There are 2 protein chains.
Amino acid sequence: MSVDSVKRPPSGPRAELKRQAILRAARELFLREGFGVGMDSIAAEAGVSKVTVYNHFGSKEALFTSVITSALDEPLAGESSAALEGLADAGDLRAALVEAARTWVHAVRANHEVTALRNLVAAELHRFPELGEAWRHRGTEGHHPAVAGALRTLADQGRLVIPDLQVAVIQFYGLLVFPHVVFSSYGTQIDEDLTDRLITGGVDMFLAHYGTQST
Amino acid sequence: MSVDSVKRPPSGPRAELKRQAILRAARELFLREGFGVGMDSIAAEAGVSKVTVYNHFGSKEALFTSVITSALDEPLAGESSAALEGLADAGDLRAALVEAARTWVHAVRANHEVTALRNLVAAELHRFPELGEAWRHRGTEGHHPAVAGALRTLADQGRLVIPDLQVAVIQFYGLLVFPHVVFSSYGTQIDEDLTDRLITGGVDMFLAHYGTQST
DNA sequence: TCACTTGAACTCAACAGTTCAGTTCAGTGG
DNA sequence: CCACTGAACTGAACTGTTGAGTTCAAGTGA
């Protein structure tokens, strides 16, 4: 009998499959029912014994944390910040901005799941304050640099005049992304047509204020 | 023994006092601890017996609903939409807009409580979908007409040129209000100084796009 | 007198987490 | 190809707690 009472999580190929199945199920049920969902339901949905769930994750809170942090790695960083990179070389800045914004907003809208997870984290802030912070880092502060960098570059090129970068970044979000975030937190969505008008209108407005003749 | 088994809520002046005390306590505790708070705690905080709570509200869900709907009646409709009325007569439109926005945003920021209640409703959307809808009505759609009306009036006066009113309204929100809503849902706040720059910068941007020379 | 209130004890269900005896299955050595 | 081994898995029963809602006998106040 080993004195070592620490329960290591299972390893091996078989265990990894179960782990993924549990994460998938937990994510889906947390999204559908909130944190209040029972561990039995999650185990059942994953097609796995409850004991296995506990062997892997140790507690409900740990499972929730794993679901969130695993979701933190996947999403929109790729396409959307890539779209921002190309801005500096674009001939037609307006068209390029519209295109970038379109990519970005569609990434946000397409991921029902990620947006819904954001709401879930917000809902459980009092139970998991550290998750709120983690999400804030990856989300807002994670993209700030990309947006800020793109805007600064354009300003350095003389194609934009931006006296207050911090404000400009938030305005960029406010015009393009926040409407979708806010509406989704009510459980509704902005329809396709209005989304499109918001994008072109937002870019127009942004350029009307910050653009120069060389735009 | 009356066959009538329907429990009417208590009435009378003393009952009304208790009712208010319960609502106040419930609101405070729901805000501080979320929907998970125990009915015993609420009763204790209200200085009232648990039985009295149930005599008045019947169930926890009904109590929660009452807290929200009672909060729906009170808030920012007054000052903020009043500030929008005066816009039509203003000489200096920019100054007037900044002033109106300042009033409005301060109303949103000052009411930690209302904003926090909004998050609470969003958190419990799956349990109370009808509350989400009610909040949306009083909140967003409740103010839309005021904002839309003010903007339309200014457009009719020829002081603004607004091709797409629906978009303009959302942009107005997006520049001025949404940043605060989004940040507060992360549990953070935008500081005083940045708030001010967002207001003036937002109005500038709005006017740069929609304003005319007669502005 | 009558409606309202109280406190304390109670029921009942849900749910996190555990225990255990037995089963699956991927290797490993022969 | 087989037998054995051990880690991972299962299912079902169990513990312990928490919390919603109820009951009741007694109190309060217009």
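Chain A is the first sequence line, chain B the second, and so forth, proteins listed ahead of strands; every chain is numbered from 1. Computed from a predicted structure; not experimentally measured.
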Legend entry - OP1 or OP2 of D:dA8 under 4.0 Å from side-chain N/O of A:T52: no

Inset, instruction - Respond yes when some side-chain nitrogen or oxygen of B:S49 is under 4.0 Å from OP1 or OP2 of C:dT5, and no when none is. - result: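 Result: no.
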
Legend entry - CZ (B:R152) with more than 12 external heavy atoms under 6.0 Å: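 12 or below, so no.
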
[N] [atom2] sits how many Å from [X] [atom1], rounded?
{"X": "B:R8", "N": "C:dC4", "atom1": "CZ", "atom2": "P", "answer": "7 Å"}
{"X": "B:D40", "N": "C:dA9", "atom1": "CG", "atom2": "C1'", "answer": "12 Å"}
{"X": "A:Y54", "N": "D:dT10", "atom1": "OH", "atom2": "C1'", "answer": "16 Å"}
{"X": "A:K60", "N": "C:dA14", "atom1": "NZ", "atom2": "P", "answer": "14 Å"}
{"X": "A:H56", "N": "D:dC9", "atom1": "NE2", "atom2": "C1'", "answer": "9 Å"}
{"X": "A:R14", "N": "D:dT10", "atom1": "CZ", "atom2": "C1'", "answer": "12 Å"}
{"X": "B:F35", "N": "D:dT18", "atom1": "CZ", "atom2": "P", "answer": "19 Å"}
{"X": "A:F57", "N": "D:dC9", "atom1": "CZ", "atom2": "P", "answer": "11 Å"}

Give [X] one of three labels, base, sugar-phosphate or nothing, depending on what nucleic acid heavy atoms sit under 4.0 Å from its own.
{"X": "A:G47", "value": "sugar-phosphate"}
{"X": "B:K50", "value": "base"}
{"X": "A:V53", "value": "nothing"}

Inset, instruction - By nearest nucleotide on DNA chain D, pick out whichever of A:A15 and B:G38 is the more 5' one. - result: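 Final value for this comparison: A:A15.
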
Legend entry - Test: A:R136 cationic atom under 6.0 Å from B:F183 six-membered ring centre, within 45° of axis: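 No, A:R136 and B:F183 do not form such a contact.
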
Legend entry - Stepwise side chain to side chain contact (heavy atoms under 4.5 Å, CB included) check, A:L117 with A:W135: CA-CA 10 Å; A:L117 279 177; A:W135 191 281; 3.8 Å; yes

Measuring from the side chain of [X] (C-beta onward, heavy atoms only), which nucleotide among [options] has the closest atom?
{"X": "A:S59", "options": "C:dG17, D:dA8, C:dT5", "value": "C:dG17"}
{"X": "A:P10", "options": "C:dA8, D:dA8, C:dC4", "value": "D:dA8"}
{"X": "A:M39", "options": "C:dT6, D:dT10, C:dA16", "value": "C:dA16"}

Inset, instruction - Could you tell me whether A:E61 and A:R127 make a salt bridge, using a distance below 4.0 angstrom between a side-chain N and a carboxylate O? - result: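 Salt bridge absent between A:E61 and A:R127.
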
Legend entry - Ring centers of A:Y210, A:F172 separated by less than 6.0 Å: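 No - the distance between ring centres of A:Y210 and A:F172 does not fall below the 6.0 Å cut-off.
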
